[in-house]
Every structure is written in C-alpha cells, then in structure tokens.
Number of protein chains: 2
Amino acid sequence: MKPFHSYQNPSLAVDLVVFGYSQQQLSVLLLNRKEAPFKDRWVLPGAFLQMEERFKDACSRVLKTKLGMDDVYLEQLYSFDEPDRDPRGRAISVAHYALVNPSKVAIAAGSMANDVSWFNINELPALGFDHDSIFQQALQRLRSKITYFPVGFELLDDLFTMPELHELYECILDTTIDRRNFRRKILDSEYIINTGKKREGSQNRHPDLYKFNKKLKKNSFQINV
Amino acid sequence: MKPFHSYQNPSLAVDLVVFGYSQQQLSVLLLNRKEAPFKDRWVLPGAFLQMEERFKDACSRVLKTKLGMDDVYLEQLYSFDEPDRDPRGRAISVAHYALVNPSKVAIAAGSMANDVSWFNINELPALGFDHDSIFQQALQRLRSKITYFPVGFELLDDLFTMPELHELYECILDTTIDRRNFRRKILDSEYIINTGKKREGSQNRHPDLYKFNKKLKKNSFQINV
DNA sequence: TCAAAAGTGTTTGCGATACACCCATGG
DNA sequence: CCATGGGTGTATCGCAAACACTTTTGA
C-alpha cells in the first residue's frame, strides 16, 4: 500500500480557547505572537499536530509546555478550513476549548509574562488569523453546554460555595438567575454534594462548601436563560 | 516563509453520513469497498481533501460524483483522529452528515447499483474503519438537532403534509408523539406555511400541504422526547 | 444589635400533556 | 353511509418562575 503521506496534505493544527474564571470574571488565555504573520498580535495558543499524535495529546502538549497546565477539561469544538485562514499556506485548525482554574496553574509572572496573558472576554483585542470567530464559537458552545451539563465545576476550586457557583453561571451566561431556583435545580440534579464544611472568613454567614459529584454521569438539569 | 507542506502531515479526509427518508424509514447511504483495506465491507462515502478545497466542497464533490446528488444539506459533525483508525497510515477524518430526499436523487439502479445502497438505520451491517462510531454520533446529532431546529424538512418533498412531518419525527426519534401537540408546536414556531393546497389521491380526507418557511431563521421550538 | 449575605419554603402562572369530537373523502 | 384518517379545541397537571422570611456572622 502506498503510504498516505506521500501525497501532499494541508497542514494540521490544534488551536485552544482556554477559559479561566477568577474574581467573578471569565477570561481567555492569549498568546502574543513574536513572528510574522500577525507579529505582535494576540492569538489563541495552538500547535501543529505531530504524526501519530491525537488532537487531545497535542492540546495537552500545548497546555503543558507553553502554559504549564496539567489535567485540564478539554473538548473538541469545530474544525476550521477556510483556505486563506493562514497566509503561510493551507492550514486546517481543529479548535478545542479548555476549562481551567487559574489559581491551580501558574502562568502569572513566569518567564513568558509578556507573551501569555488572561483577557476578560469582554475586553478582547482583535485576534490574528481567524481566531476571533473561533473564540466566538467557543464562547457560544460553553454558554450552551453549561446550561445542561456540569462543566462549570472545572472552573472552580475543588470546594466551592453555592453563591460562587451561582455567580459563575451569571457571569458566563451574562444574565441574572434567581438564586433560590438555581439552588434547587442544581441540588435536584445531584451533581454536587454538600461536604458539611463551611467557608470561613467572611463577615457574614458562612456558606456551605460543596464538591462536584464525579461519579454521577447521567442526571440532567436545565438552567434557562 | 517555509511553506507548510514541506512538513509531513497526516492525511486528511471527509466522511459522510448521508441520511435519507422514504417509506417511513430512515436510511443511510453506504458504499461497498472494492479494495483493501476492508474490501467487500460497507463504509461511509468519503474523499481525501484536496489542497485548497474546503470540507464542504469535498463533501459536495463526493455527493456529486459518487452519488449524483446536488444541493444537499450538510453539517460538520466531528473530527476523528485515532492514530490506528486507518491501517494504511495516519488519517484524520472530518465527518459530516447530510440530509437528502432520496426521491430527488437518482442512485437506485445506476451503474454503481452494487456499490452504493441505502440501509435502514436499524439494519446496518458492521462497517469498515471506525465508521460505526461515526454513524452513531451522526444519528445522535440528528436526533438532538431535529428537536429544536428545522432540519426535518430537508428530508421531505418541497410540499408535505402534517402527518408526513409527524411520522418523520416519530421515525427519527424512535418514539410516539401526540399528533395534536406536535402540530401545535410546529405551527407556533412558524417554520412551515400552509399552502392552501391539499394532497389528493387518498381515500380519506385530503391533508393540507405545507412548505418550509425558508426566510425564518430565528424562531425556536422544542419537541420533547 | 446591626448590616450583609446565606439558607429555606410557598404561591402562582404558564406551558406541556393528555384527551375527544367533528370533518372530509372514496368506496 | 361507513370506515379511515385529518383537522381542531380544551381541561389538567406539573414544573418553573416569582417571591419573603429566617438564620448566621463579625464588627
């Protein structure tokens, strides 16, 4: 059999929309390009797919080597194929999005402090390549998914309070949600477990600490916007 | 700049899950392979992506040249990347699904009568490559999408009756739906328009003929299973 | 004891579901 | 005129949304 790679194939890359949540803000991780094309512009992190490498492996490689992140929630988003999306030549991008807890990873003031940065999703600069539209699609997917599937927990600490989860939902969905109805829906889904502990330190009543119920795979809930 | 294709890249293909509906049956179009690997096995139609070609163009090319189909509803599904999914070497498949009206296309008794065939989705043979899982994912997507988005019309004639649309939904979702509630939801969504004409020929009352409201883009409905 | 935030329960209203009758047609 | 399937309307029930009071805490 003639091996495939004797034919010419488009270049194949993964690009990553890395979402992070902290200080009641949803942010995306961007990279400042040091070379043409789009020199000095902000872009999504990404990498070319190596032979024998899975998409998720390539994504993990980027998250690990460029960003120092391990063990991250990853989901394939869409494959982008516009012939002119990369001025260097034909390049397909298989976009993914990732959900990380910024406090668990150490990007902030590392050696790449000027290269990598969190941007609030409402204050994004114009991105290079077609990364604006990749980001938009990722945001849309996240907003859709979080209303019926327990992905929000990936963005929080292992232990979190109900008000924190509630705020996360309001922030991502950019709306207000009745906290009492929200609480009931989430608790009814049984995706979170009250640990019995409480978050100390605040001046007011100490809220209960919950944890994500990892074992549960099939329950459903629906947060309406 | 060094052109991308001087590096080695995985082979890149599109694969198509072509759904058709006729005689109250949901079917998929399969191809009988004439060569190794998977000689004499049934597989999804597909093609390698040519340089400068978009996914949808490659899909259209397959639909046109191999199947004689034009102007078909197409949607990107997912990209499949298991390193061993093709024994000939590393091959990425960007899977799509298509919705066609079999009565509008001419596959049946053409020159490839032995190569191409419709299979009822409940009576599929074991497919070559990883096409079983591609098919399963496509079916799942179709079932999900049809409950909130007007894709069912792609499978019917330009003019169709309410009972026909109702039957289509019951068939695809593999369930029973109260026809009066179904009618109300569909009509409320305003995605279909009563043409005032009636389908003649049956012994019983002649049902109204509807057409799809192509202009409407944003209304929503929800068919629950 | 006060302000601020967290925990909890009840009422209300709309939308989905369940359900039944009349109408048109050809034989 | 009858059997068959198509068109239409209504009552009910459940869930989701709206809403208010009590509890805890540190200052």
Side-chain angles (χ1 to χ4, degrees), chain A residues 23-24 144 146-150 152 156-157 159-171 173-211 219-225, chain B residues 23-24 144 146-150 152 156-157 159-171 173-211 219-225:
Chain A
Q23 266 92 43
Q24 281 115 279
S144 161
I146 204 174
T147 60
Y148 65 90
F149 201 79
L156 297 174
D157 292 338
L159 297 182
F160 52 89
T161 68
M162 188 63 77
E164 282 164 6
L165 187 61
H166 177 241
E167 231 161 32
L168 171 70
Y169 270 76
E170 289 197 332
C171 174
L173 296 173
D174 193 25
T175 183
T176 60
I177 305 171
D178 185 280
R179 67 190 179 90
R180 292 154 292 187
N181 295 335
F182 176 80
R183 164 188 289 269
R184 179 166 343 103
K185 284 182 182 181
I186 294 290
L187 287 177
D188 286 353
S189 80
E190 295 178 333
Y191 272 118
I192 68 174
I193 300 169
N194 193 326
T195 62
K197 298 175 202 155
K198 291 182 186 298
R199 160 109 56 223
E200 320 262 324
S202 78
Q203 178 172 345
N204 308 311
R205 179 169 180 169
H206 295 168
D208 295 355
L209 282 168
Y210 293 85
K211 64 177 178 184
N219 273 16
S220 75
F221 61 91
Q222 181 61 48
I223 307 293
N224 297 307
V225 292
Chain B
Q23 265 92 43
Q24 279 117 276
S144 160
I146 204 174
T147 61
Y148 66 88
F149 201 79
L156 297 174
D157 293 337
L159 296 183
F160 53 88
T161 68
M162 188 64 77
E164 282 165 5
L165 186 63
H166 177 241
E167 231 161 33
L168 171 70
Y169 270 76
E170 289 198 331
C171 174
L173 296 173
D174 194 25
T175 184
T176 59
I177 305 171
D178 184 280
R179 66 189 178 93
R180 293 154 291 190
N181 296 333
F182 175 81
R183 163 188 289 269
R184 188 186 9 256
K185 284 182 182 181
I186 294 290
L187 287 178
D188 285 353
S189 80
E190 296 178 331
Y191 272 116
I192 67 173
I193 300 169
N194 193 325
T195 62
K197 298 177 201 154
K198 291 179 186 299
R199 165 142 310 157
E200 321 262 326
S202 79
Q203 179 172 342
N204 309 311
R205 178 168 181 171
H206 295 169
D208 294 355
L209 283 167
Y210 293 86
K211 64 178 178 183
N219 273 16
S220 76
F221 61 93
Q222 180 62 49
I223 307 294
N224 298 307
V225 292

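Computed from a prediction, not measured in an experiment: that's the story for all the values here. Labels below follow one simple rule: chain letters A, B, ... track the order of the sequence lines, proteins then strands, and each chain is numbered from 1. Computed from heavy atoms alone, side chains included, the values below leave out hydrogens, waters and symmetry copies.
Residues Asn224(A) and Lys185(A) meet the side-chain proximity criterion, which asks for heavy atoms closer than 4.5 Å. Taking the side chain as every heavy atom from C-beta outward, Glu167(A) and Pro163(A) never approach each other to under 4.5 Å. With contacts defined as side-chain heavy-atom distances shorter than 4.5 Å, the pair Ile146(B)/Ile223(B) does not qualify. With a 4.5 Å cut-off on side-chain heavy atoms, His166(B) and Ile177(B) count as touching. Residues Cys171(B) and Gln24(B) form no side-chain contact, since every pair of their non-hydrogen atoms from C-beta on lies 4.5 Å or further apart.
Scanning for ring-ring contact (aromatic ring centres under 6.0 Å, His included) contacts around Phe160(B) gives Phe153(B), with sequence neighbours left out. Listed by chain and residue number, Glu190(B) satisfy the side chain to side chain donor-acceptor pair (under 3.5 Å) test with Asn219(B) (two or more places apart in sequence, or in another chain). Every side chain to side chain contact (heavy atoms under 4.5 Å, CB included) that Asp174(A) has, sequence neighbours left out, goes to Arg143(A).
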Practice task
Take Thr147(A) and Gln222(A) through the side chain to side chain contact (heavy atoms under 4.5 Å, CB included) test and state the conclusion after the steps.
Solution key: CA-CA 6 Å; Thr147(A) 60; Gln222(A) 181 61 48; 4.0 Å; yes
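Of all the residues in residues 174-195 of chain B, Arg179(B), Arg180(B), Arg183(B), Arg184(B) reach under 4.0 Å from DNA chain D with at least one non-hydrogen atom.
The CD1 atom of Ile192(B) sits 9.5 Å away from the OG1 atom of Thr161(B) when rounded to the nearest 0.5 Å.
Taking a heavy-atom distance under 4.0 Å as the criterion, the stretch of DNA chain C touched by chain B extends 5' to 3' from dA16(C) to dG27(C).
One atom, CG of Asn224(A), and another, P of dC15(D), lie 14 Å apart when rounded to the nearest Å.
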What N/O pairs connect the protein and nucleotides 23-25 of chain D at under 3.5 Å? Give each pair on its own line.
| residue | atom | partner | partner atom | Å |
| --- | --- | --- | --- | --- |
| dT23(D) | O2 | Arg205(A) | NH1 | 2.9 |
| dT24(D) | O2 | Arg205(A) | N | 3.3 |
| dT25(D) | O3' | His206(A) | NE2 | 3.2 |
| dT25(D) | O2 | Gln203(A) | O | 3.0 |

